[in-house]
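Counting starts at 1 for both ligands and their atoms, following the listed order. The first residue in the sequence is number 1, and the count goes up from there.
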Amino acid sequence: MNTYLEQLNEPQRAAVLQKDGPMIIIAGAGSGKTRVLTYKIAYLMEQGVDAFNILSLTFTNKAAREMKDRIGKVVGYSEAKNLWMGTFHSVFARILRSEADRLGYPSNFTIYDTQDSVRLITAIIKEMNLDKDRYKPKQILSRISSFKNSLITVRAYFNNSDLQQADLEASRPRTGDIYKEYVDRCFKSGAMDFDDLLLRTNELLARFPDVLAKYQDRFRYILVDEYQDTNHSQYLIVRALADRFQNICVVGDDSQSIYGFRGANIQNILNFQKDYPDVKTFKLEQNYRSTSNIVRAANSVIDKNKTKLDKEIWTANDAGDSVKVMRTISDGEEGRFVAQSIWENQMNHQLTSDQFAVLYRTNAQSRAIEDALRKKDIKYKIYGGISFYQRKEIKDLLSYLRILINPNDEEALKRIINYPARGIGATTLDKLTIAANHYKKSMFDILKNINTVDINLNSGTKTKLQNFVNMIQRFQIEAQTKNAFEIADLVVKQTQLVKDLQKDGTPEGVNKVENVQELLNGIKDFITDKIETGEDASLTSFLEDVALATDFDSDKQDEEPRVSLMTIHLSKGLEFPYVYIVGLEESLFPSAMSMNTRSELEEERRLFYVALTRAEKGAYLTYAQTRYRWGKLTDGEPSRFLEEIDDQYLEYLTPKVPEPSANRFIDASLFEDDSPKKIRFQKPIQKKRKEFLAKKEKPNMVPPKSKMKKVSEMSPKMNLFDGEITVGNVVEHNRFGTGKVLALEGKGPNKKAEIEFSTVGKKKLLLQFAKLKVI
Ligand code: ATP
Ligand code: MG
């Protein structure tokens, strides 16, 4: 048997060997779904299926790269390179580029990111003189997004009285008009937003049978990972493409469906069985990722969901440690606990930082964690914050590059027409917008014809505009002969972008200059990589990568190990030896916005299930009794999810029942002056918080700086007691108290003692760090 097939259990292997026809694997977390998908592709190729005929859709581009790598090991890298692999968005952006003219788009169309879309919608709302508090741009965008993902075009919207009625009742009767204008403006700008990449693919496949036939013929085998999170638009694309050969394999877990708010549809799993009546269904039930305590704890929570397919998950792995639960007084202390615990685990188990992840419900929670990690000198990487490419200085430079490729790109144009400042003001821009709308032309077309169009601008302004157009056109000519790096470098120099940033002189300014430099380096790396692999190294291809980049894509292999910080949504499909899930408080997790209906709450519970099942060896659940939210100190109650976990898998590091909290409804201090007896009401938590903050560094949470040296800085000589300790000694540890030495192992700096402490039970400690005193 092939060696890779030996790395599969019976049902996994059966699923891999099922070569043709529709099949579905719906199985619990960590049961090897992604592994099956990967090996199945290798198997198909071994069976003679051409890599060009295999399409595999993944949740991130990084997942696709890793898969390709693994497949490459089996079938050879040069063959694996030809696989069609990536996210829905990146694969179909590529297809849309080659078919763009069918839809009236230029092949170099721009991809608008969310920031571009929001800016455009904001501009439209302003032009239409609508109240931006009632028509909140982000809300409108998400409404438009849900239309697109349900294939409700502008025309369909205006034919649907229910939708219009809903917007009327929400006091936003002009939503449809904004939608129409938004679609028109994107089209005129030669731009597609993220949802268009799916919607337009559907349009392409629906309107042009020859195109459909071509891609049906190309993608003879289609595989989809994380199928539970596909939306309707994605579902229809897959269905159309697979219609001819019906070699379609989807894998997923209904219990991990967490993108319902973005239109993901659990129904797709059920539809699958209807769409393909002769579907083969495979069950995977063994979890290979986690200790049995973690698997069982996760099962006990997800069991509370009513809506789920019937499936069991078990593991042959050891019971492992209990899942630890920690209550802290404040979010700050929560951060310090996490940092301290990571540090201890690193020391106790000789681990590097990349073996840890901290997961949270909302991005805002990262700050307290970051502060604490930084104080302890633990390196971390944060995913999903403001991405590098969203920073102003980077976006400005990218906008220049976008214009060179697609001069009609209105959002890019608006960013740079007066940056660096060249005396083109907001009024001029407004007049240009009006003219562009009037002539039904792009803004750049108006600029090119500024002396002939009917526009009320003085000759000085017209000259400035003319100079701007000349500059862009010069760059465009240069771009024909220069590579992506050379042209970006030229743009930076000629526009004096960097000079402008340097003028500012502040540390932020310096930082921005470095970022621009970093982008240039990035373009250079991109070209080298692409040339090496024989792929498209053009500027268009670079900009597409940037538009569809996720934070994971910027991970560098040679970087030093770092703790990963991310929202639970982003952690899907990943695994880490140690996972900290923080902020387990009612209203935060489950989120206050998702507690109103059973289905919302069940989605939150699935989210918790996803979080917990990322952990291999250790899971920590923390909650804070007080937390700063929206600039205010708020009291928190433990999340219901903590209660829902079967107690036998948990260990409370702090007593389970918190101290009584202050009366939330009446501020006790109101009574202080009036009260004849001067009764003092206490606010235990807030007081504790004050005490805590006053102490600054609590000795048992944050050791003094001198004790926080990195491993490399620590000399084995530090251990004064090495050799003195023997089995049976009673020793004292400055945090765990007294304990008895049960066993010793290892030598020199690796010498460890197993100690039974009266407070915390058994621990294995490295002697050189433990600083034990024999008593
Ligand atoms: P998720 O639901 O989180 O996406 P999954 O079902 O896709 O999980 P994988 O990521 O494929 O699961 O596998 C989980 C872990 O178990 C991985 O580290 C994988 O390498 C390992 N694994 C899977 N199958 C086996 C096996 N038969 N033998 C040993 N290890 C396995
Ligand atoms: Mg997976």
Side-chain angles (χ1 to χ4, degrees), residues 1-17 23-43 56-67 69-71 73-74 85 87 223-230 249-259 264 266 269 282-292 294-295 298-299 301-302 308-309 311-318 320 354-355 357 359 552 564 566 568-579 581 606-617 619:
M1 196 190 291
N2 284 319
T3 49
Y4 71 95
L5 290 177
E6 283 165 18
Q7 296 165 24
L8 298 168
N9 65 26
E10 233 355 275
Q12 289 176 332
R13 197 177 309 128
V16 166
L17 298 179
M23 58 177 282
I24 185 164
I25 306 173
I26 296 298
S31 58
K33 297 182 294 296
T34 303
R35 181 183 276 217
V36 165
L37 211 70
T38 312
Y39 288 7
K40 192 177 173 70
I41 295 169
Y43 178 72
S56 169
L57 298 160
T58 52
F59 178 60
T60 61
N61 287 318
K62 184 174 176 228
R65 274 198 305 276
E66 285 173 0
M67 257 190 198
D69 223 44
R70 227 159 277 158
I71 296 165
K73 282 197 185 113
V74 180
M85 253 188 186
T87 58
L223 305 97
V224 187
D225 199 0
E226 307 280 2
Y227 186 67
Q228 77 279 359
D229 278 325
T230 46
C249 166
V250 302
V251 314
D253 178 2
D254 57 305
S255 296
Q256 295 185 66
S257 165
I258 54 175
Y259 281 96
I266 245 179
I269 293 176
F282 293 84
K283 268 183 155 177
L284 308 178
E285 298 183 322
Q286 183 172 1
N287 171 300
Y288 287 91
R289 177 179 295 147
S290 315
T291 63
S292 82
I294 293 171
V295 169
N299 278 343
V301 179
I302 203 68
K308 74 190 208 25
L309 301 176
K311 58 185 158 37
E312 274 300 309
I313 188 106
W314 64 279
T315 184
N317 293 345
D318 289 346
D354 53 348
Q355 316 223 12
L359 308 179
F552 295 109
S564 296
M566 66 185 84
I568 302 163
H569 279 102
L570 276 187
S571 74
K572 210 169 58 151
L574 306 180
E575 55 192 20
F576 302 90
Y578 289 82
V579 170
I581 308 170
R606 291 194 292 270
L607 200 52
F608 181 66
Y609 176 77
V610 169
L612 192 52
T613 52
R614 300 307 97 204
E616 294 169 18
K617 293 195 173 69

Which residue and heavy atom of the protein sit nearest [atom], plus the separation:
atom: atom 16 (O) of ligand 1; result: Y288 CB, 3.3 Å
atom: atom 24 (N) of ligand 1; result: Q12 NE2, 3.1 Å
atom: atom 10 (O) of ligand 1; result: R289 NH2, 3.2 Å
atom: atom 18 (O) of ligand 1; result: E575 OE2, 2.5 Å
atom: atom 5 (P) of ligand 1; result: K33 N, 3.5 Å
atom: atom 23 (C) of ligand 1; result: R35 NE, 3.4 Å

If you measure from each heavy atom of T613 to ligand 1, is any distance below 4.0 Å?
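Checking ligand 1 against T613, which is what was asked, there is no heavy-atom contact under 4.0 Å.
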Which ligand 1 atoms does [X] reach within 4.0 Å, using its non-hydrogen atoms?
X: G573; result: 4 (O)
X: N9; result: 27 (N)
X: R614; result: 3 (O)
X: G32; result: 5 (P), 6 (O), 9 (P), 11 (O), 12 (O), 13 (O), 23 (C)

Do K311 and D254 sit within salt-bridge range, that is, some charged N less than 4.0 Å from a carboxylate O?
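The answer is yes: the pair qualifies as a salt bridge.
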Cut-off 3.5 Å, side chains only: do E226 and Q228 have a donor facing an acceptor?
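Per modelled atom types, E226 and Q228 side chains form a pair under 3.5 Å.
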Quick one: pull up [atom1] in [X] and [atom2] in [Y] and give me the separation to the nearest 0.5 Å.
X: W314; Y: N287; atom1: CH2; atom2: CG; answer: 10.0 Å
X: R289; Y: L574; atom1: CZ; atom2: CG; answer: 8.5 Å
X: N317; Y: K617; atom1: CG; atom2: NZ; answer: 9.5 Å

What part of T34, side chain, backbone, both or neither, has a heavy atom within less than 4.0 angstrom of ligand 1?
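The answer is both, backbone and side chain.
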Test item: S31 side-chain N/O and E285 main-chain N/O as donor-acceptor pair under 3.5 Å
no
Determine whether L309 and I269 make a side-chain contact, defined as any pair of heavy atoms from C-beta on separated by less than 4.5 Å.
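With C-beta onward as the side chain, the pair touches.
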Just wondering, do C249 and L37 contact through their side chains at under 4.5 Å, heavy atoms?
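Side chain of L37 against side chain of C249, heavy atoms only: contact under 4.5 Å found.
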